[in-house]
Amino acid sequence: MSELDLTADVVVAGGGPAAAWAAVKAAEAGADVLVVDKGHLGTSGATAAAGTGVWYVAPDADARAAAKASRETLGGHLADHAWMDRVLDQTYANMNELAEVGRYPFPVGADGAQIRRGLQGPEYMRRMRTRVKRAGARILDHSPVTELLVDAEGAVAGLAGYRRQHDQSYRVRAGAVVLATGGCAFLSKALGCNVNTGDGALFAAEAGADLSGMEFSNAYAIAPEFTSVTKTAFYSFATFYRGDGSVLEGAGSQRGRSVIARTLLSEKVYARLDQATPEDMLAMRLAQPNFFLPFDRQGIDPFRDLFAVTMLAEGTVRGTGGIRLTGFDCATSVPGLYAAGDAATREPICGGFTGGGSHNSAWAMSSGTWAGQGAARHARSLGSRALARTTHGLGGAGLRPAGTPGDPSAFNDVIKAVQNEVIPYDKNLLRHGDRLAPALSVLDEVWRDVRASLHGENGDVVRARSAAAMTAHARWMYNAALARTETRGMHKRQDFPDLDPAQHHRLLTGGLDEVWTAPEPAARGGLAAVAS
Amino acid sequence: MIEVVRAGACVACDICIKVCPTDVFERGADGVPVIARQPDCQTCFMCEANCPTDALYVAPLSGPAPAGSPQADQAALEEAGAFGAYRELIGWGGGRTPGSRLDRNHVFTAMLERGGP
C-alpha cells in the first residue's frame, strides 16, 4: 500500500493524558491537530488502566507551601519552586475544567462538594478521547511513530510512522511536534506500561535534544507474583513475610522496598494486607477495582491470606528522568520539538524521587497543556512556510542499519539482552559501580550490534525501533547512574551511600553512539532558589 | 492475559480490536475477534472493560494460563460469573453508576502525604 501523506499544524505523538491535553489545548489555540498513537488514545499507557491521586491543592498559601515541601527532601532538593507553583495552578484549573467541561463524574463529599483529588483511569481517558475529538483533532490509533522529520536547519518539521492495522507507512509534515510517548518500563508488563518503551527519548536524541535525570530510573512496583497489577500505595497496609512465616523486618512499600528486592534475589517474599481496617478495605476496592482482579479471580483474600509478591520494573515511567525542557512552554533544545508527560523529565516538580501517582498525573495534564499551546504558537509563527519545508527522516538504530541488515527477528534477542541488564534488582535498584559498569559494557555492545544491523520488516519495524529505544534508554540510565557518585532521591549507590552536597545539581545526558553526561549549568536549572 | 472470547456473546463490533493498546486481536473470518498475538497482551483489562456484551475474559496472570487451568475454561468461568465482572465494578454499562462517583483515591493520596496509614 502506498504511504499515507498528511499535514497538520501540530502533531502529537502519544495516547495518554499528556498527549490528550496537548491535543485539546493546541486545537483550542487554533491549530489543526493530529494525534498519532502506538496504541489507542483512551486505553494506552500507565494512566488508563489504573486509578490515581492528583496533586490538586486549593490556591491557599499554607496548603500550597505544605504540598511543595512534602517531597523536597525525598527528591534530593532537585525540584524547582517556580515549576511547582505553575503545575499546582495548572492542575487546579484542569481538574476543574474536567469537572465542568468534561463532566467527569467525581465523587461528592459529605458537604455536597465534588472531591477532585483523584481520577479513575478508564473513565478519565475515555472522556479525554471524547474531548480530543470534540476539539476537532484527528486521531490515528495503532500508528506508532518511527522517526522525526527535520528541515534543512535541523528544526523538527514532522514525523513518520507505521499504521499497524493497515500495514501502511505514513508521514506527517507539521509546524511542530509534541512527544508525549511516555517513559520506558522495558516491557516488564507493569500495568499498562508495555506501550512505554522510551521511543520519544530516542527520537528526541536523534534530533539532538538532551535528557535530564536519567539516573532516576529505578522505579519498581510491588505486584502479586505472576500478575501485572501494581498499586504500591495499597501495600502501605501490608506486612511482608518470609517463606517460613516470619516477618521480613524492615520491608515496606514506601521505605523498605530495597529490603524486599534484596530478599527476592534469593527467596520468595509474601505479603498480606493485614493492617487495613474494614474502612480501608472498602476504600481500596472503590479506588482501583482492578487491584482486586488477581486476588478475586484466583480465590485469594489479600487481607487474610499470604500471597507471593514480585517487583515489576517501571524504569522512567515512575522514575523522573526524561527529555530536558528548556522553558515553561515545554520546548526542548531542538526548534519545533516539544515534550510532555513521562517522556519529559519530571525533576522540575519531583526532583529525584518517584513521580508516580499524584505528581505524575498533575505533570501530565500541566505539561501537556503547555506543550500543546507552545507547539501551536510555534506552528503559527512559521505560517505557510511550515509545510513548504523540505524534510528528511532522522531514524537510525533499528530503522536504517549502518551496516548489513541482520536477521529481521533479532529485536527479540535485543529486548532480552536489555532486560537482562535493567530489570534485575541487583543491577538497577540496588546499585553499585561494580555491577553498573559491566552492565553498561554489555549494553554498549548491544547498541553497536543494534546500530550496525537491527531492522524489522513491515509492522516489525515498530518492534525493532522499540528495541533500539530501550537499548538507548538503558545506556543513558547507567551512564548517569555511574556519573552520580552519591545517593540522592531514588538513586541509591551502595558504594556511595551518602548524599554529597557537591553534587547538588541535575545531570544531563545525551548522545547515541557516544553517550555523554554533564552537570546542568546552574544558570539553566533554577536551583539557586532551593535550599540544599 | 486475554484467554477467552465467547463467540456466542460477541456482536462483532470490533471495539476490542480498536481499544487494545498492544494490538492483540485480529478480526476472524466470521467477524468474531481472535486472539492473534497473545504474547503481546499486557493484562491491562481494557478490552474486557470496553466489551459491550461481556464476551471477553482476561485472566489475571501475566503469562498464558497453564493447560487445563480454569482461567481459560469458558464453562467454568461462566459458572463462576466471571464474564462482565470487571465492567460492573467500574460501573460501565446501561443503568450503572460510574465507579468514579465512589472513588477513594484521594484517601490514599492524603495517607501517603502523611507518610503511611
Side-chain angles (χ1 to χ4, degrees), chain A residues 15 38-40 42-45 48-49 51-55 67 70 104-108 115 117-120 122-124 141-142 164-165 189 191-195 226-229 233-234 236-237 254 275-276 280 282-290 292-298 357-358, chain B residues 1 14-27 37 39-50 57-63 69-71 77 80 82 85-92 97-117:
Chain A
K38 193 178 204 174
H40 173 90
T43 58
S44 270
T52 181
V54 180
W55 207 34
S70 70
Y104 180 90
F106 282 105
V108 175
I115 301 165
R117 296 195 59 203
L119 288 167
Q120 298 216 324
E123 191 72 50
Y124 172 34
D141 297 306
H142 299 289
R164 291 200 291 202
Q165 296 188 341
K189 299 210 169 181
L191 191 62
C193 291
N194 264 29
V195 290
F226 307 124
T227 80
S228 62
V229 182
F234 291 178
S236 301
F237 299 101
Q254 276 187 298
Q275 296 175 53
D280 298 327
L282 179 63
M284 278 186 234
R285 282 200 180 266
L286 297 173
Q288 187 166 326
N290 67 11
F292 290 91
L293 294 180
F295 302 117
D296 295 347
R297 292 184 172 187
Q298 296 185 92
S358 60
Chain B
M1 285 181 153
D14 289 346
I15 287 176
C16 57
I17 299 172
K18 289 177 186 153
V19 302
C20 171
T22 56
D23 195 27
V24 163
F25 299 98
E26 290 274 347
R27 190 191 295 161
R37 289 170 289 272
D40 287 340
C41 175
Q42 59 173 351
T43 319
C44 68
F45 305 99
M46 294 306 302
C47 58
E48 198 185 309
N50 279 278
Y57 178 76
V58 178
L61 309 168
S62 49
S69 164
Q71 294 292 338
L77 292 165
Y86 179 43
R87 200 157 155 268
E88 186 173 4
L89 279 176
I90 61 173
W92 282 8
T97 301
S100 63
R101 281 264 185 248
L102 309 171
D103 192 1
R104 288 292 175 273
N105 269 294
H106 56 279
V107 173
F108 299 102
T109 305
M111 176 196 82
L112 291 178
E113 294 298 328
R114 288 195 309 270

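The chains referred to below are lettered A, B, ... by the order of the sequence lines, with proteins before strands, and numbering in each begins at 1. Keep in mind that this is a model prediction, so the values were computed, not measured. The basis for the numbers below is simple: all heavy atoms, side chains too, and nothing from hydrogens, waters or symmetry mates.
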**Student:** Of all the heavy-atom pairs spanning Lys189(A) and Pro39(B), show the shortest one and how long it is.
**Tutor:**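 Closest heavy-atom pair between Lys189(A) and Pro39(B): NZ-O, 3.1 Å.
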
**Student:** For Ala82(B), is it the side chain, the backbone, both, or neither that has a heavy atom closer than 4.5 Å to a heavy atom of chain A?
**Tutor:**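 Just its backbone gets close to chain A.
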
**Student:** Give, for atom CG of Asp23(B) and atom NE2 of His40(A), the distance between the pair rounded to the nearest 0.5 Å.
**Tutor:**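 So the CG of Asp23(B) and the NE2 of His40(A) are separated by 12.0 Å.
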
**Student:** So, the side chain of Ser100(B) versus the backbone of Pro105(A): is there a donor-acceptor pair under 3.5 Å, distance only?
**Tutor:**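 At least one qualifying donor-acceptor pair exists.
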
**Student:** Could you tell me whether a side-chain N or O of Thr43(A) sits under 3.5 Å from a main-chain N or O of Met46(B), the two making a donor and an acceptor?
**Tutor:**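 No: the side chain of Thr43(A) does not pair with the backbone of Met46(B).
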
**Student:** Apply side chain to side chain contact (heavy atoms under 4.5 Å, CB included) to Gln71(B) and Gln298(A), showing your working.
**Tutor:** CA-CA 9 Å; Gln71(B) 294 292 338; Gln298(A) 296 185 92; 4.1 Å; yes

**Student:** Among the options Ser236(A), Ala48(A), Pro107(A), pick out the one with the most heavy-atom pairs lying under 4.5 Å from chain B.
**Tutor:**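 Greatest number of close heavy-atom pairs with chain B: Pro107(A).
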
**Student:** Using atom types as modelled and distance alone, determine if a side-chain donor or acceptor of Thr227(A) lies under 3.5 Å from a backbone N or O of Leu61(B).
**Tutor:**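 Answer holds: no.
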
**Student:** Minimum heavy-atom separation for Arg117(A) and Ala110(B), please, with both atom names.
**Tutor:**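 Minimum heavy-atom contact is NH1-CB, 4.3 Å.
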
**Student:** Closest heavy-atom contact between Leu293(A) and Leu89(B)?
**Tutor:**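 Here Leu293(A) and Leu89(B) meet closest at CD2-CD1, 4.4 Å.
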
**Student:** For Cys41(B), is it the side chain, the backbone, both or neither that has a heavy atom under 4.5 Å from a heavy atom of chain A?
**Tutor:**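 For Cys41(B), the backbone is the part near chain A, not the side chain.
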
**Student:** Tell me, for Glu48(B) versus chain A, whether the close heavy atoms (under 4.5 Å) come from the side chain, the backbone, both or neither.
**Tutor:**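 For Glu48(B), the contact with chain A is made by the side chain alone.
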
**Student:** Would you mind telling me which of Ile90(B), Val107(B), Ile17(B) has the largest number of heavy-atom pairs within less than 4.5 Å of chain A?
**Tutor:**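 Top count of heavy-atom pairs under 4.5 Å with chain A: Ile17(B).
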
**Student:** Heavy-atom distance under 4.5 Å to chain B: side chain of Phe292(A), backbone, both or neither?
**Tutor:**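 Answer is neither: Phe292(A) stays 4.5 Å or more from chain B.
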
**Student:** Taking the six-membered ring for Trp, are Phe108(B) and Phe237(A) parallel (under 30°), tilted (30 to 60°) or perpendicular (over 60°)?
**Tutor:**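 Answer is perpendicular, since the angle exceeds 60°.
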
**Student:** Go through the atoms of Leu119(A) and report whether side chain, backbone, both or neither lie under 4.5 Å from a heavy atom of chain B.
**Tutor:**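 Only the backbone of Leu119(A) comes within 4.5 Å of chain B.
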
**Student:** Specify which of Phe45(B), Trp92(B), Tyr86(B) makes the most heavy-atom pairs with chain A at under 4.5 Å.
**Tutor:**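 Sorted descending by pairs with chain A, the first entry is Trp92(B).
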
**Student:** Which region of Asp296(A), side chain (C-beta onward) or backbone (N, CA, C, O), has a non-hydrogen atom less than 4.5 Å from a non-hydrogen atom of chain B, or is it both or neither?
**Tutor:**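 Asp296(A) has no heavy atom closer than 4.5 Å to chain B.
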
**Student:** Closest approach of Ala85(B) and Arg297(A), non-hydrogen atoms and distance?
**Tutor:**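 Minimum heavy-atom contact is CB-NH2, 4.3 Å.
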
**Student:** Could you report the tightest heavy-atom contact between Arg104(B) and Ala283(A), atom names first, then the distance?
**Tutor:**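 Of all heavy-atom pairs spanning Arg104(B) and Ala283(A), the closest is CB-O, 3.5 Å.
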
**Student:** Can you name the closest pair of heavy atoms from Pro294(A) and Pro60(B) and give their distance?
**Tutor:**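 Taking every non-hydrogen atom into account, CA-CB, 3.4 Å.
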
**Student:** Salt bridge (Lys or Arg N to Asp or Glu O under 4.0 Å) with Asp103(B): which residues, sequence neighbours excluded?
**Tutor:**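 By the salt bridge (Lys or Arg N to Asp or Glu O under 4.0 Å) rule, Asp103(B) matches no residue at all.
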
**Student:** Who among Leu191(A), Ile115(A), Asp141(A) has the most heavy-atom pairs with chain B under 4.5 Å?
**Tutor:**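 Most heavy-atom pairs under 4.5 Å with chain B: Ile115(A).
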
**Student:** Please determine, among Gly192(A), Ala287(A), Gly118(A), the option with the most heavy-atom pairs under 4.5 Å with chain B.
**Tutor:**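 When all of Gly192(A), Ala287(A), Gly118(A) are compared, Ala287(A) has the most.
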
**Student:** Only pairs of heavy atoms separated by less than 4.5 Å count here; which of Gly45(A), Ala49(A), Pro122(A), Ser70(A) has the most with chain B?
**Tutor:**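 Ranked by contacts with chain B, first place is Pro122(A).
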
